[in-house]
Peer 1: 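For reference, the structure I am asking about is given below.
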Number of protein chains: 2
Amino acid sequence: MVWLRLVGVALERTPPVSIKLVAERAGVSPATVSNVLNNKASVSPAFSNRVRRAVEELGYVADSNASRLRSGKHSLAAVVVPDLTNPVFSAFVSTLERAARQDGFNLLVVSCDNAADQEADRLRSIRSWRPAGLIVIPCDGALAARLPQGACLPIVVADRIPDDAAFDLIAVDNAQAAGVVAAHLAAQGHRSCLVVGSTLSISNVRERWEGASAAAGPMTIRLLEAGLDPSLLRRRLRDRLTGGPPLDAMFTLDHVTTLVAYQLLAELGVSIPRDMAFASFDEAEWMRLVVPPITAVRQPIEAMAEAAWRQLMRRLAGQGSAPNILRMTCAVEIRGSTLRRRGEPNTAAA
Amino acid sequence: MVWLRLVGVALERTPPVSIKLVAERAGVSPATVSNVLNNKASVSPAFSNRVRRAVEELGYVADSNASRLRSGKHSLAAVVVPDLTNPVFSAFVSTLERAARQDGFNLLVVSCDNAADQEADRLRSIRSWRPAGLIVIPCDGALAARLPQGACLPIVVADRIPDDAAFDLIAVDNAQAAGVVAAHLAAQGHRSCLVVGSTLSISNVRERWEGASAAAGPMTIRLLEAGLDPSLLRRRLRDRLTGGPPLDAMFTLDHVTTLVAYQLLAELGVSIPRDMAFASFDEAEWMRLVVPPITAVRQPIEAMAEAAWRQLMRRLAGQGSAPNILRMTCAVEIRGSTLRRRGEPNTAAA
DNA sequence: AAACCATCATAAAACGATTTATTGAACGCT
DNA sequence: AGCGTTCAATAAATCGTTTTATGATGGTTT
């Protein structure tokens with residue numbers, strides 16, 4: 001077989017560089033090359049240097065998978081997220097990738113486009129890479145049902161809570177943070193709050209709603225479950241705003257809902273916070289930039305990713321204890337969008 | 001050796017399921033299993049069914065790497081980006097991941113934290129996975145110097161232009177788009193524009209600056225090269241705004257610059273567009289949400305990712321032609337932040 | 001000088017898959 | 001029956017690596 005070497009796009013005839021080639025060049029056996037590279041058995045300095053020189057000259061990098069095949073030592077992990085374009089998830093992946101790398105792992109990244117069936121498919125096909133472990137942000141609660149049966153690897157679930165509790169889990173204390181926001185809105189004197197979430201089938205949304213409604217106190221609080229599709233979400237919210245009973249506060253529970261709601265309020269000419277207070281779960285960069293800046297719950301995404309990775313490492317180290325469930329605390333950033341100006345009662349929007 | 005099977009976190013004794021195990025269970029040879037799964041040689045329906053049943057029962061998924069080792073058929077590609085938290089890059093990766101999957105590839109995602117030395121390291125270590133090809137958004141122009149020598153795989157470069165032209169390249173027409181923005185600012189009657197970019201060592205920033213200054217016409221246009229570090233960037237820009245000659249327009253050339261500049265203007269009480277027009281290269285979600293919405297250049301990130309993947313596929317199909325360079329056209333979204341109100345001359349900010 | 005012991009290099013087997021070459025059975029034909 | 005031809009299934013070789021067992025060399029101890 002003829003091998004073409006491609007540097008950039010220039011072609012050259014070259015066999016792929018294997019440990020055998022290095023051994024040949026150094027005038028030693030493949031076993032010796034392996035021993036040098038993994039500092040295993042003792043190798044004399046003379047041989048060791050010859051090997052290192054050959055490695056250098058040929059630009060040899062050992063095939064991780066052939067290694068793994070023989071030694072059983074993995075250095076690949078995988079992460080499955082619902083959607084890479086969501087900044088929360090991409091920050092998660094970014095941090096995870098760094099953490100993994102520090103422990104000598106590379107990360108296979110897979111998105112399932114918010115679709116449960118795709119998630120099932122990905123979870124299956126990912127196994128063909130024999131990763132050491134999996135970190136999953138599931139599409140919905142029914143994760144366990146989508147796991148391939150023969151699964152033989154540790155899984156850490158993050159952010160969303162599966163119905164089946166038999167997983168290691170890293171999530172935030174949604175109810176607590178949502179409660180802080182609701183209590184803050186009530187304390188500001190708001191009387192009637194609409195909580196908007198995509199769907200209660202996502203555990204986060206459910207917990208946020210429950211936390212908010214438990215802490216609303218004297219404030220009337222209602223839920224609009226608006227779905228995941230932005231245009232549908234938009235229509236439902238619009239109907240509620242123009243048709244329903246008057247409101248003086250709105251609390252959106254996830255990223256897409258916040259975007260749609262914020263834009264809709266601007267279009268309807270609802271002034272924040274004069275006509276209506278506005279708060280969001282999941283903070284984004286722009287919420288500090290707009291005027292007034294938006295009160296938001298900031299999730300400790302980076303800390304979650306790091307915790308998830310550490311948990312996976314613990315499992316790989318063989319700690320076979322009961323599922324470990326970790327809830328992290330969010331920071332609530334109170335900003336201008338929910339502050340009632342002194343002495344100025346806000347008028348309910350139509 | 002004792003094997004522990006971990007489903008979720010529950011342990012069970014099980015050997016890892018290999019093709020041998022499937023063969024044994026189906027009462028056939030491993031070769032037959034392989035033939036069934038790859039519909040290679042003809043297998044009788046009776047045997048075929050037995051094999052399929054065994055595969056099903058054991059939840060067998062072939063090891064992609066053992067496959068690759070023998071057959072030479074790759075199904076892994078890798079992408080290296082400077083920074084996953086940048087929404088432009090995460091959108092790129094997201095689209096790429098989908099495109100790759102559709103061609104039966106999985107994607108190894110690696111970030112190099114905006115550091116050239118880390119990029120070099122990653123490019124080396126990534127080779128140990130023997131990916132079919134690489135897609136790289138380089139940290140800076142000196143990519144070629146950081147490529148490991150023995151490299152034997154096709155590389156497609158995206159977004160940023162390497163000094164060494166011997167790569168397939170997918171980028172946008174920076175100069176053209178920046179020119180449109182500059183011409184628009186001039187046409188709006190602005191007299192003096194500050195262009196703010198991180199560093200000219202990034203080809204994109206250089207091309208944008210050149211495009212803008214070539215199209216400025218009668219408008220005076222100056223460059224501030226403010227660096228990549230946000231706090232330093234902020235100080236330099238602040239000094240320029242409070243100390244320098246008066247300005248009536250600002251054009252920021254990359255993501256981080258835009259964020260810092262926009263916030264700084266708000267703090268300084270500079271009203272957009274009354275006191276100063278504001279435009280940005282790289283559009284983000286929030287630019288449509290703020291008041292007034294911000295004029296921005298929208299790069300066709302998704303189209304770039306798809307084009308990059310197609311180019312890689314072409315190389316894998318063995319098209320060994322000269323480097324293919326593709327420049328895509330950006331959309332310029334003119335919005336309120338650069339529109340001068342009729343008859344109202346803007347006063348130059350201090 | 002024989003016996004023993006380190007030390008260091010290697011040959012060969014193994015990992016999990018695919019491929020090539022081989023076997024054996026069944027069938028049709030003279 | 002003898003012979004060629006298919007067809008189906010498999011044994012064995014192979015990919016790149018690590019590991020285990022073996023062998024060679026030279027030095028120290030009796």
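Just so it is clear: chains get the letters A, B, ... in the order the sequence lines come, proteins before strands, and each one is counted from 1. Quick caveat: nothing in here was measured; it's all calculated off a predicted structure.
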Peer 1: By nearest nucleotide on DNA chain D, pick out whichever of A:N65 and B:V43 is the more 5' one.
Peer 2: B:V43
Peer 1: Please report, rounded to the nearest Å, how far the P atom of D:dA11 is from the NZ atom of B:K20.
Peer 2: 13 Å
Peer 1: Is the distance from OP1 or OP2 of D:dT17 to the nearest side-chain N or O of A:K73 less than 4.0 Å?
Peer 2: no
Peer 1: As a test of reading the structure: which of C:dA17, C:dC15, D:dT18 is closest to the side chain of A:L69, going by heavy atoms?
Peer 2: C:dC15
Peer 1: With a 4.0 Å heavy-atom cut-off, tell me which residues in residues 31-39 of chain A come close to DNA chain C, sorted by residue number.
Peer 2: A:A31, A:T32, A:N35
Peer 1: Rounded to whole angstrom units, what separation is found between the CD atom of B:E24 and the P atom of D:dT10?
Peer 2: 13 Å
Peer 1: Is any side-chain nitrogen or oxygen of A:K40 closer than 4.0 Å to OP1 or OP2 of D:dT19?
Peer 2: yes
Peer 1: Is there a donor-acceptor pair under 3.5 Å between the side chain of A:S34 and the backbone N or O of A:P30?
Peer 2: no
Peer 1: Establish, with yes or no, whether the OP1 or OP2 oxygen of C:dT10 is under 4.0 angstrom from a side-chain nitrogen or oxygen of A:S29.
Peer 2: yes
Peer 1: Just by distance, do the side chain of A:H74 and the backbone of A:R68 share a donor-acceptor pair under 3.5 Å?
Peer 2: no
Peer 1: Among D:dA9, C:dT19, D:dT17, which is the nearest nucleotide to the side chain of A:S67?
Peer 2: D:dT17
Peer 1: What nucleotide among D:dA8, C:dG16, D:dT19 has an atom nearest to a side-chain atom of A:R70?
Peer 2: D:dT19
Peer 1: By nearest atom, which of the nucleotides C:dA17, D:dT19, D:dA9 is closest to the B:Y60 side chain?
Peer 2: C:dA17
Peer 1: Please state how far atom CG in B:D63 lies from atom C1' in D:dG16, giving the value in whole angstrom units.
Peer 2: 13 Å
Peer 1: Among C:dC8, C:dA13, C:dA17, which is the nearest nucleotide to the side chain of A:S44?
Peer 2: C:dC8
Peer 1: Which distance, rounded to the nearest 0.5 Å, do you find between the CG of B:D121 and the CD1 of B:I126?
Peer 2: 10.5 Å
Peer 1: Kindly say whether A:A91 contributes a backbone atom to a donor-acceptor pair with the side chain of A:T95 at under 3.5 angstrom?
Peer 2: yes
Peer 1: May I have the step-by-step check of side-chain hydrogen bond (donor to acceptor under 3.5 Å, both in side chains) for B:D63 and A:W129, ending in yes or no?
Peer 2: CA-CA 6 Å; B:D63 182 323; A:W129 299 106; over 6 Å; no
Peer 1: Is the number of heavy atoms from other residues, nucleotides or ligands under 6.0 Å of A:R124 CZ greater than 12?
Peer 2: no
Peer 1: Side chain of B:R122, backbone of B:V80: donor and acceptor closer than 3.5 Å?
Peer 2: no
Peer 1: Is there a side-chain contact between B:R68 and the phosphate of D:dT14, meaning an N or O under 4.0 Å from OP1 or OP2?
Peer 2: no
Peer 1: Check this for me: does any side-chain nitrogen of one of B:D113 and A:R101 sit under 4.0 Å from a carboxylate oxygen of the other?
Peer 2: yes
Peer 1: Carefully, step by step, assess A:S64 and A:S67 under the rule side-chain hydrogen bond (donor to acceptor under 3.5 Å, both in side chains).
Peer 2: CA-CA 5 Å; A:S64 296; A:S67 278; over 6 Å; no
Peer 1: Specify the separation, in whole Å, of atom CG of A:L58 and atom C1' of D:dG16.
Peer 2: 15 Å
Peer 1: Using atom CH2 of A:W129 as one end and atom C1' of C:dA17 as the other, report the distance to the nearest whole Å.
Peer 2: 13 Å
Peer 1: Spell out protein contact along nucleotides 21-28 of chain D as letters: B when the base is contacted, S when just the sugar-phosphate is, - when no protein heavy atom is under 4.0 Å; keep the 5' to 3' order.
Peer 2: --------
Peer 1: For A:S71 and D:dT17, is the shortest distance between a side-chain N/O and OP1 or OP2 below 4.0 Å?
Peer 2: no
Peer 1: Using modelled atom types and a 3.5 Å cut-off, is there a donor and acceptor pairing between side-chain atoms of A:E97 and backbone atoms of B:V110?
Peer 2: no
Peer 1: Rounded to the nearest angstrom, tell me the gap between atom CD1 in B:I19 and atom C1' in C:dC15.
Peer 2: 13 Å
